[in-house]
Structure formats: structure tokens, C-alpha cells
Amino acid sequence: MSVASASDQVAPLEPNPDFDLDPYIYGVAAILGGTANVIMQLSSAPVGYGVVESTVDSGKVKKHPIKRARTTISYLSVALLGTDEERLRYREAVNTSHRPVHSGPNSPVKYNAFSPKLQLWVAACLYKGLEDTLLVMHGPIEPAALDQMYLHSARLATTLQVDRSMWPVDRVAFGEFWERSVEDISIDETVREYLYGLVMFDFLPLPIRVWLGPAQRFVVTGFLPQQFRDQMGLSWTARDQKIFDRSMGAIGAITRRLPGPLRKFPMNFYLADLRLRMRFDRPLV
């Protein structure tokens with residue numbers, strides 16, 4: 001994956017402290033777009049094999065789906081909405097989980113969960129998913145607001161091991177970084193099988209798989225950029241796109257009119273849960 005290094009850009013820009021992110025927090029987006037974003041992240045072979053080969057059972061979605069959902073949404077929530085201290089505490093907790101995740105002698109690719117380069121890719125996927133999902137559900141957003149959201153979203157990277165200077169300086173630079181990086185994605189049969197299992201809920205009881213699997217496949221495919229659909233072998237038609245846009249637009253229209261606490265759920269719920277865990281010294285991940 002390409003890296004936006006400090007030498008490639010001017011000094012990092014900072015978001016306007018008066019910018020109000022709140023109207024653009026759609027909690028349902030974190031749920032609907034979550035699996036598609038996992039596919040995007042794991043399309044980097046080192047990230048994919050880091051997850052597939054991980055020996056940290058407590059963090060495996062197929063063994064602990066509820067816990068994994070909690071930790072993932074908690075990360076998004078604390079990175080975007082948390083304080084500096086909360087982000088530091090969560091980074092330390094994530095570091096503990098990441099420490100044993102590194103390639104072994106028989107791994108087909110080399111990886112290390114502490115690699116800033118790989119973490120930059122993960123953060124870039126999170127931001128890309130955040131923006132794409134919001135645009136589908138919210139509708140057009142003023143470019144100035146998108147610019148501020150992008151600058152604020154650097155926290156998705158810096159709450160990990162990524163230095164602020166590695167985050168592309170603006171949305172134009174990010175677009176160039178993204179296009180370069182997407183050229184390197186590669187999902188082989190091993191990772192594809194793992195990911196398709198996530199798409200079709202193969203880790204849940206059969207009735208749930210039969211009932212929700214096809215709908216999940218449709219939503220996931222809709223949220224994936226075409227390059228990732230191709231890597232996964234997922235078909236998509238113009239008619240599918242039309243149905244998807246109308247469906248997500250309708251969900252977004254309803255969500256937009258909800259009171260703030262309901263609109264932000266479950267992100268606000270998991271941020272409150274994180275704060276309680278910190279207060280009573282309970283595990284954060």
C-alpha cells in the first residue's frame with residue numbers, strides 16, 4: 001500500500017475547532033457499512049492474513065461477534081468523538097491486542113499489526129467508508145463540511161500508530177493516495193473464503209443465515225467500490241444500484257429526522273460504555 005509520507009506534503013492542516021461534526025454522525029451507518037469496510041481493509045494481503053491467521057481468539061468476529069462489534073464501534077466512536085485521554089487509553093488497549101499479531105515462518109505474506117503503513121490503510125478504509133456511506137444516506141454535503149470532516153478523521157489513524165504527518169494533507173491528496181493504494185489490493189482464495197463467510201453470516205445459526213444472509217450480501221456489495229466487488233467476485237447491476245440508492249436514501253431520510261441521541265445510536269451508547277469501563281477499570285477491548 002502507498003504511504004503518504006511527511007516529505008510528500010506540507011505541514012498537516014487542523015480542523016476548525018468550531019466545526020460541528022454532530023449532524024453527520026449516523027450510528028446506523030457504522031452497522032450497515034461495517035462488513036463492507038472489513039472487506040476493504042482485508043483486501044490488503046498483509047492485513048487480510050493478519051486477521052485470518054490471528055491467534056487472538058478474543059478478538060475474532062466469528063467466535064465473539066457481539067464483542068467484536070462492540071470493540072469496532074467503540075474505536076470509531078472514541079476516535080471521532082472521544083477526548084485526547086480517551087483515545088490514548090483506547091490506543092493502549094488496542095496495542096495489547098495487536099502485540100501478538102505478526103507473521104510466522106509459514107505465513108504467505110509478512111505482516112505486523114504495529115506497522116504504521118498497514119494501520120494507515122485501515123484508517124483510510126474507515127474514512128472512505130465513512131464518507132461514502134454518509135453521502136449515500138445523507139445526500140449531498142457542502143464541500144467545506146466534507147473538508148472539515150476529513151481533517152477531523154485523521155483521528156482514525158492517529159488513535160493507532162500512525163503519525164499525523166502520514167495522513168494525506170487534504171481530500172485531494174487523500175484521493176490520490178487512495179487511487180494508488182487500490183492498485184495494490186489483492187484478495188486470494190483463503191482471505192476471500194473468510195470474508196464471504198462474514199458476508200453470509202456463516203458463524204451464526206442456520207435460520208439467521210438463511211433469513212439475513214442474502215440481504216446482508218446485497219447491502220455489503222452495494223457499499224463496496226467496484227474494485228473490491230471484483231476482488232470478491234460479487235456481481236452488481238445497474239438495477240441493483242438503483243434499489244440500493246433508494247433504500248439507503250430512505251433509511252438516511254428517516255435517520256436524519258431522528259433526535260440526536262437516536263440518530264447517533266449505537267456510537268453514543270458504546271462511547272458511554274467505554275467511559276464506564278475506564279471509570280471502573282474494566283477491559284476496553
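Note that the structure is a prediction, hence the values are computed from the model and not measured.
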Determine, step by step, whether H98 and Q161 satisfy the side chain to side chain contact (heavy atoms under 4.5 Å, CB included) criterion, reporting the C-alpha distance in whole Å, the side-chain angles of both residues, the deciding distance to 0.1 Å, and the verdict. CA-CA 11 Å; H98 280 176; Q161 307 297 319; over 6 Å; no
Please assess V136 against D132 for the test side chain to side chain contact (heavy atoms under 4.5 Å, CB included), listing each intermediate value before the final yes or no. CA-CA 6 Å; V136 168; D132 288 352; 5.7 Å; no
Would you say I141 and I25 are hydrophobically clustered, going by side-chain heavy atoms of ILVMFWY under 4.5 Å? yes
Are the side chain of R91 and the backbone N or O of L160 linked by a donor-acceptor pair below 3.5 Å? yes
Can any side-chain N or O of T71 pair as donor or acceptor with the backbone N or O of R68 at less than 3.5 Å? yes
Is there a path of hydrophobic side-chain contacts, each under 4.5 Å between heavy atoms of I/L/V/M/F/W/Y residues, joining L212 to L195? yes
How long is the gap from CD on E176 to OG on S181, to the nearest 0.5 Å? 11.5 Å
I'd like to know if the side chain of R257 reaches the main chain of A253, judged simply by a donor and an acceptor atom lying under 3.5 Å from each other, with no hydrogens or angles considered. yes
Quick check: does any side chain N or O of R209 sit under 3.5 Å from a backbone N or O of L204, one acting as donor and the other as acceptor? yes
Using a 4.5 Å cut-off on heavy atoms from C-beta on, say whether the side chain of P266 contacts that of I73. yes
Around atom CD of Q226, are there more than 12 heavy atoms of other residues, nucleotides or ligands at under 6.0 Å? yes
Pair W121-Q41, side-chain donor/acceptor within less than 3.5 Å: no
L126 vs Y75, test: side chain to side chain contact (heavy atoms under 4.5 Å, CB included). Steps then yes/no. CA-CA 11 Å; L126 290 173; Y75 181 81; 4.1 Å; yes
Let me check something: do L258 and L271 share a hydrophobic cluster, defined by ILVMFWY side-chain heavy atoms less than 4.5 Å apart, either directly or through other members? no
Quick one: OG1 on T83 to CG on L88, what's the gap to the nearest 0.5 Å? 9.5 Å
Sequence neighbours excluded, which residues qualify as side chain to side chain contact (heavy atoms under 4.5 Å, CB included) partners of V101? S54, V56, Y111, A113
Would you say the side chain of W167 lies within less than 4.5 Å of the side chain of T158, judging by non-hydrogen atoms? no
Tell me if the aromatic rings of W211 and F201 count as close, with their centers under 6.0 Å from one another. no
Shortest non-hydrogen separation from L32 to M248 and the atoms involved: CD1-SD, 4.0 Å
Do K264 and Y26 have side chains that approach each other closer than 4.5 Å (heavy atoms only, starting at C-beta)? no
pair L156-L76: side-chain heavy atoms closer than 4.5 Å: yes
Check: Y150 and E131 side chains under 4.5 Å, non-hydrogen atoms: no
Can you see whether S186 engages Q231 through a side-chain donor-acceptor pair at a distance of less than 3.5 angstrom? no
Got more than 12 heavy atoms from elsewhere within 6.0 Å of CG, L206? yes
Report the distance from atom CD1 of I185 to atom SG of C125, rounding to the nearest 0.5 Å. 9.0 Å
Start with the C-alpha gap between L118 and N112, add the side-chain angles, then the distance that decides, and say whether side chain to side chain contact (heavy atoms under 4.5 Å, CB included) holds. CA-CA 8 Å; L118 297 183; N112 188 313; 5.9 Å; no
If you define the side chain from C-beta out and look only at heavy atoms, does anything of H102 sit under 4.5 Å from F114? no
Flag the pair R192 and D188 as a salt bridge only when some basic side-chain nitrogen lies within less than 4.0 angstrom of an acidic carboxylate oxygen. no
Below 4.5 Å, heavy atoms only, C-beta onward: do R256 and R263 meet side chain to side chain? no
F174 vs Y127 aromatic rings, parallel, tilted or perpendicular, using cut-offs 30° and 60°? perpendicular
Using the ring of each side chain (for Trp, its six-membered ring), is F244 parallel, tilted or perpendicular to W236, with breaks at 30° and 60°? perpendicular
Which distance, rounded to the nearest 0.5 Å, do you find between the CG of L198 and the CD1 of I39? 7.5 Å
Just by distance, do the side chain of S77 and the backbone of M267 share a donor-acceptor pair under 3.5 Å? yes
Kindly work out whether a path of hydrophobic side-chain contacts (I/L/V/M/F/W/Y, heavy atoms less than 4.5 Å apart) joins V172 to W178. no
Can you name the closest pair of heavy atoms from D273 and R70 and give their distance? OD2-CD, 3.7 Å
Do F19 and H152 have their ring centres less than 6.0 Å from each other? no
More than 12 heavy atoms of other groups within 6.0 Å of E193 CD: no
Please answer whether the main-chain N or O of T221 pairs with a side-chain N or O of R229 as donor and acceptor at a distance below 3.5 Å. yes
Side chain R277, main chain P283, donor-acceptor under 3.5 Å: yes
Does any N or O in the side chain of R87 come within less than 3.5 Å of the main-chain N or O of G82, such that one atom is a donor and the other an acceptor? yes
Roughly how far, to the nearest 0.5 Å, is CG of D230 from OG of S43? 12.0 Å
Which heavy atom in V285 sits nearest to a heavy atom in A93, and how many Å separate them? CG2-O, 3.6 Å
Would a 4.5 Å heavy-atom cut-off, applied to side chains only, mark L21 and Q148 as touching? no
Which pair of heavy atoms, one from P261 and one from N268, lies closest together, and at what distance? O-ND2, 2.8 Å
Will you find, in the side chains of D240 and T237, an N or O donor that is under 3.5 Å from an N or O acceptor? yes
Exercise: identify the closest heavy-atom pair between M166 and L120: O-CD2, 3.9 Å
Distance check, rounded to the nearest 0.5 Å: L81 atom CG versus Y270 atom OH? 15.0 Å
Just by distance, with hydrogens left out, do E86 and Y90 show a side-chain donor and acceptor under 3.5 Å apart? no
Over all atoms of both residues, closest heavy-atom pair of A173 and P168: C-CB, 3.8 Å
Same cluster or not: L135 versus F223, using hydrophobic residues (I, L, V, M, F, W, Y) connected whenever any side-chain heavy atoms lie under 4.5 Å apart? yes
